[in-house]
Amino acid sequence: MRINKFISETGFCSRREADKLVDSGRVTINGAVAQLGSQAELEDDVRVDGKRIGEQRHHVYIALNKPVGITSTTELHVKGNIVDFVGHSERIFPIGRLDKDSEGLILLTNDGDIVNPILRSEGKHEKEYLVTVDRPVTAEFLKGMASGVHILGSMTLPCVITRVTDRVFRIILTEGRNRQIRRMCEAFGYHVRKLQRQRIMNIHLGGLPVGKWRDLTEEEKQTLFRELDYKPVH
């Protein structure tokens, strides 16, 4: 199999991160520096930074209620990184990001192959957020947000948005631009005071306390796999 798939299936990192490792010359196969597209099998001696990897692990899929202040990165030198915060026995990594100053649902896994199917924009996968802003939510604001907002050089996709209370609204996005909700609000002169992600596709935050995580249920995993048309390789 290709070296990036080999690395991702061990749970070391995603295929995209594996490509970066290979491209920077940090991966060897039987003593030879790997190239993008190199092939490797289970019996091969594959090493990253001189440390052997290759034992395929049972796939882990967890949901975390990320607190404000935790950074969605696997870079262990970053203070407050999400990997150290969770402290899982497996080498896991987040699927996508959730801003440091936002809280709520984020998925983590050691299955490198599921990352792209979840993140690819053409999948139109729903993500739902509860947002508190600094002034009353108006009908004009809701209509403008729902129809699309010009940020980062282009229009956002139409979205579903509903008023919850005077300064709180619920929004469902099918794309994930950098700090998208905050930028959309700022375009109308609003500032986000609190942002909580409550759902990713069929996975709901529910009553999971802030800072706690849980394994996805078998039903959640099977529904997720069906929606992604994904078959995990164990």
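This structure is a prediction, so every number in the text was calculated from the model and none was measured. Note that the numbering runs from 1 along the sequence shown for the chain.
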Q. Can you list every side-chain hydrogen bond (donor to acceptor under 3.5 Å, both in side chains) pair that touches residues 24-42, not counting sequence neighbours?
A. R26-D49, N30-D44

Q. Under 6.0 Å between ring centres, would you say that holds for F225 and Y61?
A. yes

Q.
Taking I172 as the starting point, is it possible to reach I203 by hopping between hydrophobic residues whose side chains are less than 4.5 Å apart?
A. no

Report, one line per pair, each donor and acceptor closer than 3.5 Å where one atom sits in a side chain of residues 76-88; sequence neighbours left out.
unit_1, atom_1, unit_2, atom_2, d
N81, OD1, V83, N, 3.1
N81, OD1, D84, N, 2.8
N81, ND2, L76, O, 3.4
N81, ND2, V78, O, 3.0
N81, ND2, D84, OD2, 3.0
H88, ND1, E90, N, 2.9

(Q) Taking K212's backbone N and O only, do any of them form a donor-acceptor pair with N65's side chain (distance below 3.5 Å, no angle check)? (A) no

Q. Has the side chain of R193 got a donor or acceptor atom that lies under 3.5 Å from a matching backbone atom of T132?
A. no

Q) Do you know the tightest heavy-atom contact between M145 and C185? A) CE-SG, 3.9 Å

Q | CG on N4 to CD on E9, rounded to 0.5 Å | A | 10.0 Å

**Q.** Full working for salt bridge (charged side-chain N to carboxylate O under 4.0 Å, His left out) between D134 and R167
**A.** CA-CA 7 Å; D134 62 339; R167 301 191 181 199; over 6 Å; no

(Q) Given 3.5 Å as the limit, does a donor-acceptor pair link the side chain of S102 with the main chain of L98, or not? (A) no

Q | Atom pair CD/CD1 of E17 and I7 - distance to nearest 0.5 Å | A | 11.0 Å

**Q.** Straight-line distance of K124 NZ to M201 CE, nearest 0.5 Å
**A.** 13.0 Å

**Q.** Pairwise side-chain contact, E128 with R197, heavy-atom cut-off 4.5 Å (strictly under)
**A.** no

Q) Quick check: does any side chain N or O of T71 sit under 3.5 Å from a backbone N or O of T73, one acting as donor and the other as acceptor? A) no

(Q) Check for me whether the distance between the ring centres of F141 and F169 falls short of 6.0 Å. (A) yes

Q) Out of curiosity, does L107 fall in the hydrophobic cluster containing Y230 (side-chain heavy atoms, cut-off under 4.5 Å, transitive links)? A) yes

Q) Is any side-chain heavy atom of S72 closer than 4.5 Å to a side-chain heavy atom of I106? A) yes

(Q) Taking the side chain as everything from C-beta on, heavy atoms only, tell me whether I62 gets closer than 4.5 Å to T109. (A) no

Q) Roughly how far apart are N116 CG and L228 CG, rounded to 0.5 Å? A) 11.0 Å

Q.
Is it true that, when you exclude D166 itself, more than 12 heavy atoms of the residues, nucleotides or ligands shown sit nearer than 6.0 Å to its CG?
A. yes

Q.
What verdict does the salt bridge (charged side-chain N to carboxylate O under 4.0 Å, His left out) test give for E220 and R214, after you've listed the backbone C-alpha separation in whole Å, the side-chain angles of each residue and the deciding distance to 0.1 Å?
A. CA-CA 12 Å; E220 286 176 325; R214 65 173 178 83; 2.8 Å; yes

(Q) Counting only heavy atoms not in K194 (residues, nucleotides, ligands), do more than 12 fall under 6.0 Å from its NZ? (A) no

Q) For Q222, which of E219, R226, E218 qualifies under side-chain hydrogen bond (donor to acceptor under 3.5 Å, both in side chains)? A) E218

Q. Is L105 reachable from F93 through a run of I, L, V, M, F, W or Y residues, each pair having side-chain heavy atoms under 4.5 Å apart?
A. yes

(Q) One pair to check against salt bridge (charged side-chain N to carboxylate O under 4.0 Å, His left out): D45 and R47. What are the steps and the verdict? (A) CA-CA 6 Å; D45 182 346; R47 296 175 182 263; 2.9 Å; yes

(Q) Would the distance check show the side chain of N110 and the main-chain N or O of H58 forming a donor-acceptor pair, the cut-off being under 3.5 Å? (A) yes

Q. Does atom CZ of R16 have more than 12 heavy-atom neighbours from other groups under 6.0 Å away?
A. no

Q. Could you state the interatomic distance from NE2 (H204) to CZ (R199), rounded to the nearest 0.5 Å?
A. 5.5 Å

Q. If only atom types and distance count, is the side chain of R183 paired as donor or acceptor with the main-chain N or O of N178 below 3.5 Å?
A. yes

Which side-chain N or O atoms in residues 154-165 pair as donor and acceptor under 3.5 Å with protein atoms at least two apart or in another chain?
unit_1, atom_1, unit_2, atom_2, d
S154, OG, R177, NH1, 3.0
S154, OG, R177, NH2, 3.2
T156, OG1, V149, N, 2.8
T165, OG1, V168, N, 3.4

Q: Mind checking the CD-CG spacing from E126 to N202? Nearest 0.5 Å is all I need.
A: 11.0 Å

**Q.** Cluster link Y190 to I181, ILVMFWY, side chain under 4.5 Å
**A.** yes

Q: Is it possible for you to say whether I151 and L195 belong to one hydrophobic cluster, with membership spreading through side-chain heavy-atom contacts below 4.5 Å?
A: yes

